[in-house]
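Below is one structure; the comments refer to it alone.
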Amino acid sequence: MTALVRIAGLVRRFDVSKPWLNRLIERAPRQILTAVADVSLEIPERGVYALVGESGSGKSTIGKIAVGLLAPSEGAVEIGGVDLHRERDPARRTETRAHIQMIFQDPYASLNPRWRVRDIIEEPVRARGDRSEGLAERLLEQVGLSARDADKFPHEFSGGQRQRICVARALASEPRFIVCDEPTSALDVSVQAQVLNLMKDLQERLGLTYLFISHDLSVVRYMADRIGVLYLGRLVEEAPRDALFETPRHPYTRMLLEAAPRIDAFGREVDPPKGEIPDPINPPTGCAYHPRCPFADERCKRERPAMRDAGASRAACHAVEEGRL
Amino acid sequence: MTETPILSLRNLVVEIPTRRDVLRPVDRVSFQIARGEVLGVVGESGAGKSMTGTAVIGLIDPPGHIAGGRVELDGQRIDNLPAEKMRRIRGKRIGMVFQDPLTSLNPLIRIGDQLTETILAHLDVSEAEARRRAVAALEEVGIPAAARRIDSYPHEFSGGMRQRVVIALALAAEPDLVIADEPTTALDVSVQAQIIALLKRLCRERGTAVMLITHDMGVIAEAADRVAVMYAGRLAEIGPVAEVIAHPQHPYTRGLMAATPMATPPGERLNQIPGAMPRLDAIPAGCAFHPRCPVAEAGCRVGDPPRVEECGGRAACWVVAREAGLVRA
Amino acid sequence: MNAMRRAWESDLSYSFRHSPITVLAAFMVIVLFAGAILAPLIAPYSPFDPATLNLMNGFTPPMTPNTFTGETFWLGTDDQGRDMFSAILYGMRISLFVGFAAVLLALVLGVVAGLVAGYAGGWVDTIIMRIADVQLTFPSILVAMLIFGIAKGLTPPDMRDQMAIWVLIVSIGLSDWVQFARVVRGATLVERNREYVQAARLIGRSRSAIMFRHVLPNVTSPVLVIATIGLALAIIAEATLSFLGVGAPPTQPSLGTLIRIGQGYLFSGEWWILFFPAVTLLVLALSVNLLGDWLREALNPRLR
Amino acid sequence: MKRLLASLMLGSAAIAIAATANAETLRWARAGDSLTLDPHAQNEGPTHTLAHQIYEPLLHRDMAGQIVPALATEWAPTEDPSVWRFKLREGVTFHDGAPFTASDVVFSLNRAMMPDSDMKELLASVKEVTAVDDLTVDITTDGPNPILPSNLTNLFIMDEDWSKSNGVEKPQDFEGGEETFAVRNANGTGAYMLAERAPDSKTVLKQNPNYWGKGEFPLEVTEIVFTPVQNAATRVAALLSGEVDFIQDVPVQDLGRVEAADGLVVRTAPQNRTIFFGINVGDADLKSDNVDGKNPFADKRVREAMNMALNRDAIRQVVMRGQSQPTGVIMPPFVNGWTEALDAVPPTDVAKAKELMAEAGYGDGFSVTLNCPNDRYINDEAICQAAVGMLGQIGIKVALDAKPKAQHFPLINNLETDFYMLGWGVPTFDSEYIFNFLVHTKGEKYGSWNGTRYSNPELDKMIEGLASETDLAKRDAMIAEIWSTVQGETIYLPLHHQVLNWGMKTAIDFPVQPEDQPHFKYLTYAK
Amino acid sequence: MLAFVIRRVFQSLIVLLVVGLVAFSLFRFVGDPVENMLGQERTQQDIDRLRTQLGLDQPFPVQYWRFLKNAAEGNFGVSYRQGRPVTDLLIERAPATLELAFVSGVFALVGGIALGIYTAIRKSGWLAQFVMTASLIGVSLPTFLIGILLIWIFAVELGWLPSFGRGETVAIGWWTTGFLTASGLKALILPSITLGLYQMTLIMRLVRSEMLEVLRQDYIRFARARGLSERAVNFGHALKNTLVPVITVTGLQLGSIIAFAIITETVFQWPGVGLLFINAVQFVDIPVMAAYLMLISFMFVAINLIVDLLYVAIDPRLRVDRAAAAK
């Protein structure tokens with residue numbers, strides 16, 4: 001299988017410094033928030049790659065860079081061999097852009113409330129100047145809505161239905177690659193199931209490639225083939241689905257799996273994880289997870305671990321490498 | 001055997017009159033919470049779980065109001081108390097924790113002042129004593145260096161720490177009952193685990209009962225003793241948490257469990273319940289769930305389903321009742 | 001038919017129908033607007049044509065025959081023998097024209113500035129908002145006096161009467177754009193981070209397409225509210241400027257000019273010269289303000 | 001609400017009277033303040049009014065407008081007709097106690113002739129001022145000047161020593177923005193002494209205990225509080241509410257109200273000022289009209305038609321509320337040269353005017369702009385508006401451009417208007433003053449306010465001759481001849497003589513002075 | 001904090017510079033001062049002499065530069081009309097306007113906030129509804145008409161209050177005050193109401209809507225849930241949060257009070273800078289007009305600076321050391 005999406009050495013920094021005058025007077029240094037640090041991954045054609053992590057882990061930033069909404073500070077994202085940020089040929093850019101779509105978290109904010117559903121769905125096609133008759137109706141039926149809904153406004157739909165419309169819009173330009181940024185986290189369980197099933201069906205039927213971003217391990221487990229775990233902008237572990245859930249390598253992955261509530265663990269008394277996510281502007285030295293890690297030693301404080309193969313997985317952890325874990 | 005439950009709802013009805021008709025976000029809900037018990041109230045958005053909690057503490061925004069039934073706290077009816085008496089119960093006997101720790105605290109007031117004002121509002125102590133207790137309360141919820149941090153403003157805390165402060169505030173006057181309305185929804189997984197653990201520990205130590213409102217079955221499974229499932233303002237099913245989750249009776253609970261990815265083995269399709277929760281102005285007649293129910297019968301469309309007690313104490317469903325031989329079809 | 005039923009049943013229509021004072025205000029606005037627009041058809045006299053005036057009709061009290069000419073006027077006449085009723089209709093025409101045009105100018109300027117500032121951000125935003133700050137330093141009255149000064153210096157004397165109206169429009173419009181710009185900028189800042197805008201960016205829509213096709217329709221509610229209240233403000237500003245003598249010329253009096261003329265007769269017993277234009281102005285501004293107030297409440301999603 | 005107000009109104013008059021203050025203090029208000037206390041820095045009415053209370057000229061116009069002795073007791077030309085001799089009053093002292101002598105007069109008149117003085121034009125003919133003795137002064141003019149005394153009525157005498165010790169030997173350079181001691185302080189011989197002064201807001205004068213005129217004048221007012229109140233309605237309100245006792249300019253429409261108010265009275269008298277329209281008769285083409293290549297005003301028939309179209313009586317009746325004297329000449333009745341025949345009001349005849357217009361080839365009319373002040377004369381803008389309507393009836397479409405005097409007058413001076421309103425007062429009470437400014441061809445020394453572009457060299461020669469004509473009879477004949485030409489040519493459209501309206505407490509007995517100059521030393525209270 | 005102040009001061013200076021340019025350059029178009037200053041008997045030499053004297057014959061940039069330089073030294077030249085240094089005039093007139101603005105401001109602020117709180121707390125009470133509707137009349141009547149009506153009722157018809165001027169004033173150094181005499185205080189009433197009424201209605205409506213907004217916030221619900229009394233909730237919690245946004249707008253409003261004093265001072269013959277300005281406009285007294293505009297801008301900018309600092313003092317969130325991070 002060839003990789004459709006290739007992310008290599010991706011870094012994204014945000015300057016969150018105070019204005020220069022404050023820095024001048026208060027002698028405060030520049031403050032740089034590194035949202036994404038040296039992330040590399042590949043998504044094969046027709047694959048579903050999931051990124052999981054808590055808030056501030058940089059997963060959404062990677063998604064936005066992948067679709068071209070944000071520029072990378074370093075590194076590159078290639079989709080079908082084209083890097084949107086470096087490609088000079090406008091025709092290839094336009095073509096590549098048409099192959100990329102995104103589904104957002106909030107089904108209420110992602111549809112323009114003043115537009116009719118037809119216009120929303122057909123916009124990607126019309127914007128390119130292509131004809132779009134009947135497209136909205138066809139897509140609406142494909143995502144399980146009625147063709148008559150094309151003339152309604154978004155506020156006439158429930159959250160689940162809106163997310164279906166978002167899916168329909170994403171499909172309008174016949175994309176190959178869709179970034180799904182927490183597509184169901186705003187939905188109720190019963191509706192979430194509908195949308196997840198739909199997305200999975202479409203992925204299989206249309207041969208789509210997904211980058212699936214979520215904080216919910218159970219959703220990721222349902223959707224993904226391969227999962228990357230992010231902590232403070234870095235990939236700490238990457239593994240095929242079953243390997244990750246059955247034999248998690250990195251202590252952070254273990255903690256996540258342990259802390260997540262379980263439906264069968266009635267009255268379980270867990271020892272809650274220690275600490276909270278550190279300030280991403282001043283991340284800890286060495287392994288960023290070391291202050292919370294029960295296995296951390298001096299080396300972890302000093303030296304940042306690199307990604308290494310560990311069984312079917314890859315993990316960035318000295319303890320795993322040293323076999324302490 | 002029957003000790004007076006700390007909280008008892010009987011046929012509680014909340015109505016919101018609108019210009020078109022009267023909405024019923026809570027419709028004839030009855031349940032009890034024993035002293036020290038954790039009752040999980042679960043349901044999807046619009047199920048009426050938050051409104052039930054708000055009704056108990058008497059803070060429904062007008063024009064909404066309790067239109068029927070009664071709320072009893074430790075055997076004493078409280079839904080009809082005058083405003084001032086109800087105020088004294090809030091905070092003192094019933095505490096409340098809201099979903100978003102960011103917006104629950106007044107951003108312009110030091111957390112110490114928010115704590116002491118709460119203590120002074122309910123306990124007859126000096127200001128110095130109130131402050132001492134405030135520090136103790138912060139220490140108890142695990143705020144490091146509480147004596148120093150007490151003069152900080154809310155924005156100087158992280159989300160998890162803020163929710164700890166909120167819990168300290170809710171428990172400041174040692175209430176008998178805490179209503180926790182989605183206390184961890186806005187938090188990360190690791191912090192959620194901390195907060196749930198904290199809440200459980202504190203309430204157990206004080207014998208405080210908890211009404212834990214959430215949409216997360218996992219949280220319920222781990223934290224609650226009993227669980228009440230709500231749908232469209234009505235109680236669908238109630239029972240010990242292990243039984244309800246492992247052997248749901250009501251078709252809605254069953255569907256819900258089957259739709260939860262956590263409960264579905266990898267690679268299997270999620271079960272889906274067709275449609276969505278009805279809006280308050282369009283609740284179907286008969287059993288509110290019948291249009292989405294896979295086992296609905298003609299009768300479900302007509303009459304209100306039997307009450308939980310009439311169906312063997314678990315689910316409010318015609319089919320369940322019939323199968324159990326409690327009613328005839 | 002269906003659309004009409006839907007409109008009738010909409011929240012807006014409902015809150016309108018159930019606020020008697022708003023209905024009354026709307027009724028007054030319609031009556032006054034109609035009076036102004038149809039002035040040439042309704043008005044019994046043509047007050048802007050001095051050749052038709054008979055000075056001897058001056059100061060005729062309402063409904064009382066003039067002592068010299070024996071003519072009777074509903075609302076009396078002013079110092080030039082102008083029929084007050086006709087003068088008010090025509091004056092309102094000018095006031096409303098100035099008001100609408102000024103608001104339109106402020107709206108176009110402010111909305112564009114606000115959209116650009118909010119959407120572009122960065123130094124463009126800084127410059128536009130600094131200009132807005134400078135503008136705020138000059139209250140509308142000072143701005144108007146300044147613009148009047150320039151206009152007087154730049155236009156030939158015989159053009160000044162025709163210019164006066166446009167100068168009023170420009171000066172009121174210029175001093176009111178900041179309101180629109182601020183609100184639209186604020187709304188744009190919210191909207192531009194919404195995911196539908198990101199979705200539009202994703203498919204490569206241009207900045208202007210996103211600003212005007214996507215963002216603009218979503219900031220119309222606050223703009224509508226400000227425009228309504230701005231109309232009332234513009235009408236009052238016109239009156240104030242005319243009172244200070246830098247407004248509509250006395251040969252083509254607006255409501256404000258009529259009041260300026262009338263206030264000279266406050267103590268002299270010719271109360272109708274002040275009273276009727278003042279009441280008309282009050283009712284007009286009040287009705288528009290009431291509508292604006294209602295719109296603000298009705299369109300505010302947080303208040304629903 | 002209405003009933004409430006009605007009952008309030010009933011009660012109000014009584015309260016107003018109850019609020020009356022100490023009768024010896026006169027609270028006086030008018031629209032504008034004095035511009036400076038330096039008596040030679042500004043030649044302007046309100047400035048002189050205040051100065052007249054503090055300073056005195058050699059001779060002045062009393063409340064009837066008659067020239068009466070002030071600091072001079074006698075004056076007459078000497079054998080040399082170019083020298084006038086003035087006998088000064090004995091025993092007069094300045095407010096600071098210094099005695100008044102001839103040297104003060106010499107000093108003051110010389111001061112008034114300095115370049116920075118605004119009064120120098122009035123003394124343009126003066127060659128020399130000499131002190132003959134302590135109480136006698138000779139003024140030598142550049143050739144005989146029969147009307148010299150009338151030029152001296154506003155020339156105030158300052159104390160030489162006071163001026164020198166305070167460094168105000170020269171008049172304030174007003175235009176240059178100089179601030180001198182004399183601007184805010186005053187030391188005159190007048191009946192009132194300056195006690196307090198805040199420009200544009202409040203000035204307090206106290207009676208001079210050592211005034212020479214004690215016994216000669218009533219001097220019943222012991223203190224004067226002067227407040228400029230610009231807004232007419234506020235000014236009237238202040239009078240009605242009893243906050244002031246005397247206002248100098250009652251708007252004509254409020255005369256009735258003031259008159260009707262208990263305890264208030266309006267006193268009225270014709271003013272030495274005539275209001276008229278000027279028209280551009282001289283240019284070949286007008287800028288502001290719609291006629292190409294021609295000047296319709298150059299046609300006398302058009303001017304006559306316009307003169308006939310103006311209904312002066314209607315303006316008097318309605319706009320001026322009867323408070324004007326319609327006229328056919330641009331000269332107030334006080335002026336030497338005035339006759340009843342000249343003053344006769346031209347008949348209003350729209351039909352005939354239309355005929356004349358048709359004859360002149362303007363049967364379909366034409367359009368033109370009328371420039372008008374809106375803050376200078378009584379109801380100036382309303383008069384212009386009325387005229388616009390009247391001229392409209394004979395087909396002349398007039399666009400009215402009304403603006404403050406500060407922007408109106410330059411249009412006339414710079415010949416930027418073809419049709420304008422102007423009012424002219426004649427402080428010398430002589431026709432020559434009118435001819436010099438309004439009739440003579442516009443040039444360096446003459447005709448500076450002649451905006452009509454009218455130029456008649458013969459007439460100019462006659463006007464220039466008036467200054468040195470000592471034979472008064474012959475001079476009067478010349479004046480009459482010039483008037484007949486002016487009237488015949490209809491270069492001005494006269495409207496009316498203004499009428500002064502002073503509003504005051506009924507208890508105040510005070511006639512109206514034709515130059516609008518109240519001298520409060522004459523004021524008496526009814527017992 | 002210091003950086004914040006420096007930045008605001010710097011921005012204020014730019015604003016003042018621009019205002020200076022506008023003020024100075026625009027007024028050159030209004031009439032010709034020379035024409036107004038010379039009487040009816042003047043010659044061409046007089047005109048030329050005066051033009052040179054006033055520097056009006058110099059090119060525009062030179063005049064502006066000179067103006068700026070002088071303005072920086074507090075020297076705005078000499079009034080064409082009064083022949084006195086403009087600075088003296090302004091200093092002499094400023095107390096009247098500032099006292100009027102102060103009383104109006106207090107009236108607007110106290111009245112506006114009190115009524116705003118009342119109408120927000122008693123949202124559906126009839127009195128609150130009445131006040132809300134009545135307040136619309138306040139914003140629908142032009143200021144000059146209010147002033148005239150007040151004079152008519154309270155001065156002319158009732159004779160209770162003076163119709164113009166400041167009454168007796170007492171000089172304390174160069175400052176003259178009307179606060180120390182009965183007539184001075186009486187004279188303040190009508191103009192203050194006239195000037196403050198509009199601002200009061202605006203502030204009231206603003207306070208009301210902000211308060212209603214705040215009362216909907218979670219922390220208010222949480223405060224209620226903790227059993228705090230209504231009083232503590234409304235005044236201890238809601239009011240403080242309401243005032244934060246109100247302060248900004250109020251600052252702008254109070255700034256414009258000084259400017260809107262023009263109308264009130266005209267109607268009431270109040271001897272302040274507004275009246276000075278109107279007189280200056282009529283006489284095309286450029287130095288006074290330019291100085292007035294600079295003064296207004298300066299006060300406006302100063303008030304806003306104070307408001308910004310106040311804002312920081314009230315809202316601890318703005319005192320954070322770190323700039324708000326991007327999530």
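Numbers restart at 1 for each chain; the letters A, B, ... are given by sequence-line order, proteins then strands.
Per-residue counts of heavy-atom pairs under 4.5 Å with chain B were compared for A/Gln161, A/Glu276, A/Arg221, A/His215; the largest is that of A/Glu276. Between chain A and the options B/Gly218, B/Gly255, B/Ala221, heavy-atom pairs under 4.5 Å are most frequent for B/Ala221. Considering only heavy-atom pairs separated by less than 4.5 Å from chain A, the leading option among B/Val191, B/Asn271, B/Val189, B/Ile195 is B/Val189. Contacts with chain B were tallied for A/Ala193, A/Ala260, A/Gly144, A/Ala259; A/Ala193 has the most, counting heavy-atom pairs under 4.5 Å. Ranked by heavy-atom pairs shorter than 4.5 Å toward chain A, the options B/Arg279, B/Met262, B/Arg269 are led by B/Arg269. Interface check for chain A: of the options B/Met277, B/His215, B/Met161, the most heavy-atom pairs under 4.5 Å are formed by B/Met161. Among A/Pro261, A/Gly275, A/Pro273, the residue with the largest count of heavy-atom pairs under 4.5 Å with chain B is A/Pro261.
Contacts of B/Pro265 with chain A are absent, with no heavy-atom separation under 4.5 Å from either backbone or side chain. Using a 4.5 Å cut-off between heavy atoms, B/Ala242 touches chain A through backbone and side chain atoms alike. Only the backbone of A/Lys274 comes within contact range of chain B, judged by heavy atoms closer than 4.5 Å. Residue B/Glu268 touches chain A through its backbone alone, counting heavy-atom pairs closer than 4.5 Å. Only the side chain of A/Ile277 comes within contact range of chain B, with at least one heavy atom under 4.5 Å from a heavy atom of that chain. Contact of B/Asp225 with chain A is not made at all, since no heavy-atom distance falls under 4.5 Å. Looking at A/Ser158, only its side chain comes within 4.5 Å of chain B, counting heavy atoms on both sides.
Shown here for B/Ser104 and B/Val166, the closest heavy-atom pair between the two residues is CB-CG2, 4.0 Å. In this structure, A/Leu257 and A/Leu244 approach most closely via the heavy-atom pair CD1-O, 3.8 Å. Between A/Ile213 and A/Pro183, the closest heavy-atom pair is O-CD, 4.0 Å. The minimum heavy-atom distance linking A/Asp216 with A/Ser218 is given by the pair OD1-OG, 2.7 Å. Contact record, A/Val195 with A/Gln163: CG1-CG, 4.1 Å, taken as the closest heavy-atom pair. Shown here for B/Ile220 and B/Leu212, the closest heavy-atom pair between the two residues is CD1-O, 4.1 Å.
Geometrically, B/Arg292 does not engage B/Tyr252 in a cation-pi contact, judged by NZ or CZ lying under 6.0 Å from the ring centre and within 45° of the ring axis.
Looking at A/Arg162 and A/Ser110, their side chains never bring a donor and an acceptor atom within 3.5 Å of each other.
Note on ring orientation: taking the six-membered ring where Trp is involved, the planes of A/His250 and A/Tyr252 are perpendicular (angle over 60°, cut-offs 30° and 60°).
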